[in-house]
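The structure appears right after this line, and notes come after that.
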Amino acid sequence: MTPPLRDQVAAAIQDGLVRASKELGWPGVDGVPIEVERPANPEHGDYASNVALKLAKQARKPPREIAKAIRERVRIAPPIAAVEDLNGFVNVRLDERWLAAQVDEIVRAGPDFGRSKALAGKRMQVEFISANPTGPLTVANARGGPLGDVLSSVLEFAGATVEREYYVEDTGTQFDTFGRSIAIRYRQLHGEQIEIPADAYPAEYVKDIAAEIQARDGDKWMKLALEEQAKSFAALGVEWVLREAKRVTAMLGIRYDTWFSQAEMMRSGYFDKTLAELRKLGKVYDKDGAVWFEASEAVDDKEGWVVVRSNGEPGYLGKDIAYHVQSLRDRRFDKKIDIWGSNTHYHLIQMRAAMQALGLLEKFEVVLYQYVRFLHEGVLKRMGRRTGQFLLLEEVIEAVGKDATRYFFLQSSADRQLDFDLELAVQQSNENPVYYVQYAHARIASILRTAAERGMNADGAETALLTAKGELDLIRLVLRFPELVDDVRQHYGVHQLTTYALELAGAFHGFYRDHRVVDEADVARSKARLRLVQAVQVALRQTLGLLGVSAPDRM
RNA sequence: GGCCCGGUAGCUCAGUGGAUAGAGCGCUUGCCUACGAAGCAAGUUGUCGCGCGUUCGAGUCGCGCCCGGGUCACCA
C-alpha cells in the first residue's frame, strides 16, 4: 500500500490553512479542497498549491498574504523540507534524505507499489468489446479490449473487485440474419442455386462456418426449411464466433470472467420485470402497437424510443435497459462501466435517460472511444461486417505482436480517432514506443545481472548516498506512479500509463548515461544505485503490468 | 439541421484552470577500450483552427464561426 505522496503534502497544507484561518479569523475556508500539482518549473519546488489564489476572494485578502500565512504554519517534517510562497502559490520542497530513503520502501513494496484501498469493498463490472456475435473481431471492435482490460486492472489495483464481462447479444434481428446467412451458404454447398440477399453477411467467414457444419454433419440439416436451418445455425454460428473471440482476446492477453448471454438474460424474466417497473413509473407508453420509452424529458425533438416493437419482439434499447438493471440490482454491482464505440453515443443518451428514470444513473458509466478506421488500398475506410470490409484483429496481432498491438491502442486518448495502416504498423513496429520502454526494463535487468556476476548486490544499501540531482529526480518520477494510478481510477484515462512509461524509461536512460551503477571501486555507492535501479524496475514493471505489456529481462 | 469527438512542432500524439507548452518519430551534429548504442547529448521546427467572453491566470472553461470524423431506425 502506497498512499500517493501528494495526498500527504495536501494534508500538510490543509493543516496549515486550518490553523491560519483559526488564528487570523478567515471565514469558512476549512472545507476547501487543497489542490496540489507538480510544477513544471523546478524552481517552484516539488509540489505547488494554488489554494491562496482560490481563497483570495472569499477571505478578502490578497493571495500573497494568504500564501504567506499558510506557508508560515505548515509543519516542516519529512517528507516536507521547506515551504515557500511565491506569486500567491504555496510551494513545497521535499526532504532529500527522505526522498532517497523511499527507494527501500518502493523495492520492499514490489508488486504492491502503487496499490491502494481507495475502492476497497466496491464491486465493479467492466464490459468491453461485446461485439455483435456475428463474425470475427476486427480492429474496430478491438479498441475497447485494451481500454477495458487496463481499466479493469487499474480498478482492481485500487482495491475494487472487478468482473470483466463480454456481453453476447445472441437474440434479435442481427442474430437471425447471421443464421440465415450461414444457412444460405450451407445450401449452396449442397448445390442449391440460391442468391445471397442484400441484408445477409457477405464475408468469407460465413462460408467457413457453413463448411465446418457440413464437414461435421454432412447433409443432416438439408431436410429442414431455410428458416428452421437459420435458427439452428445462428446458435452454431455464435458458438463459432465466441470460440474465435476467446482465442483472439486471449492472444491479446485478455481473460474475461463472464461471457454473459442476452438470451439467458431474456429467459431470466428481467426484461418483463423491468418493463413493468418502467410502466409503473409512467416512463413507457403504448403507441402503434409498440411500447415506447418516454423521451421528451431527455431530448427535445423526440417523443419516445421503442422498447418493444409492434411485432412483439423486444427492441435493443429495451433489452439493454433490462441487462443493466440486472447487473446493478440482481448481480449487485456497485458500478457498471461500459466501454463503447462512439457510434453508440445516441444509445448512450437513451440509456442515461432510462437509468435516470430507474434511479441507477450514478452506478452507470461509459467510456466512449472514437472510431478506428483502416487503410485499404490507400483509402481510409470504416469497418463493417455487413459491408464485408474489415481488418481482423488477429492479423494485426500476428503481424506486430501482442505488446505492440496493445500499446498502439493505449497510446492515445479514447476521444481521439485512430487510423490503422497495417503495412505501416508492421514496418514501424520496431519504432513502436513500447520497445523503448521495454528496452529500459531489459537494460535494468542487465545491470542487475552484471552486478551479480561481479558479486555485488543492493543489500544494506545506504540510501543517503543518493544525493545527485539525476538520482533524486528519478526517485521523484518513480513516486509519481501511485498518484497516476489514483488519477486513472478516477478519470479512466488509461492512456496516461503509456505516457508515464515513456517518461520513466527516458529518465532512466538519461540517468544511466550520467551515473555509473556497478563500480567495484566504490561498493557503497554501487549498492545505493543498485537499490535505485531496482526501484525504477519496480515502477516500470508495475506500469507495464497494468498495461498488460510484458516486461522482458532480455530482448 | 440537433447532439458527440477531434483540430497543439514536418508526421503521430501527451498536456486533471496555473508560473517559461512537451514527448516519440523525422532532420543536423557528436558519443560504444566502464554496467545493453533497440540507447544518450546538443541543435531544429509552434498565430495551441479563428474570434469574442469568464477569470488574478485560458491550449484547458463558456458562446459564435471554420475544417475533419461520428451519430440521430419498430438494426444492434
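Computed over heavy atoms, backbone and side chain alike; hydrogens, waters and symmetry mates excluded. Numbers restart at 1 for each chain; the letters A, B, ... are given by sequence-line order, proteins then strands.
No hydrogens or angles were tested; on distance alone, nothing pairs the side chain of A:S342 with the base of B:G70 as donor and acceptor under 3.5 Å. Contact annotation: side chain of A:N41 to base of B:U20, donor-acceptor pair present below 3.5 Å. Counting distance only, with no hydrogens placed and no angle test, the side-chain atoms of A:S310 and the base atoms of B:C74 include a donor-acceptor pair under 3.5 Å. Applying the 3.5 Å distance criterion, the base of B:C40 shares a donor-acceptor pair with the side chain of A:R513. Below the 3.5 angstrom threshold, one finds no donor paired with an acceptor across the side chain of A:D415 and the base of B:G6. Within 3.5 Å, no donor on the side chain of A:H509 pairs with an acceptor on the base of B:C40, nor the reverse. For A:N432 against B:A38, a side-chain-to-base donor-acceptor contact under 3.5 Å is absent.
Using a 30° and 60° split on the angle between ring planes, A:F511 and A:H515 fall in the parallel class, below 30°.
Figure legend: cation-pi geometry between A:R489 and A:F157 absent, as NZ or CZ is not positioned both under 6.0 Å from the six-membered ring centre and within 45° of its axis.
Rounded to an integer number of Å, the gap from NE2 of A:H44 to P of B:A21 is 13 Å.
A:S446 meets the side chain to side chain donor-acceptor pair (under 3.5 Å) test with no other residue; sequence neighbours excluded.
When each of A:R516 and A:L86 is assigned the nucleotide of RNA chain B bearing its nearest heavy atom, the one mapping closer to the 5' terminus is A:L86. Comparing A:Q262 and A:L53 by the nucleotide of RNA chain B whose heavy atom lies nearest to each, the residue mapping closer to the 5' end is A:L53.
Look at the P atom in both B:U54 and B:G70: the space between them is 37 Å, to the nearest Å. Taking atom C1' on both B:A58 and B:U44, the two are 28 Å apart, rounded to the nearest angstrom.
Counting only heavy atoms from C-beta outward, the side chains of A:D286 and A:W292 never approach each other to under 4.5 Å. Here the side chains of A:I337 and A:V366 are not in contact, with every heavy-atom distance at 4.5 Å or above. For the pair A:Y500/A:L477, a side-chain contact is recorded, criterion being any heavy-atom separation below 4.5 Å from C-beta on.
Stem analysis of RNA chain B (Watson-Crick or G-U pairs, both distances under 3.5 Å, runs of at least three) returns B:1-7 with B:66-72, B:10-13 with B:22-25, B:26-31 with B:39-44, B:49-53 with B:61-65.
Checking A:F408, A:F374, A:Y371 one by one against A:F420, the ring pair (Phe, Tyr, Trp, His ring centres under 6.0 Å) holds for a single residue, A:F408.
A:H441 comes within 4.0 angstrom of nothing in the nucleic acid, heavy atoms only. Within the 4.0 angstrom heavy-atom criterion, base atoms lie near A:F89. Looking at heavy-atom distances under 4.0 Å, A:D553 makes contact with a base. Counting non-hydrogen atoms under 4.0 angstrom, A:A48 reaches a base of the nucleic acid. Contact annotation for A:E169: backbone-only contact, meaning every heavy-atom pair under 4.0 Å involves sugar-phosphate atoms and none involves a base.
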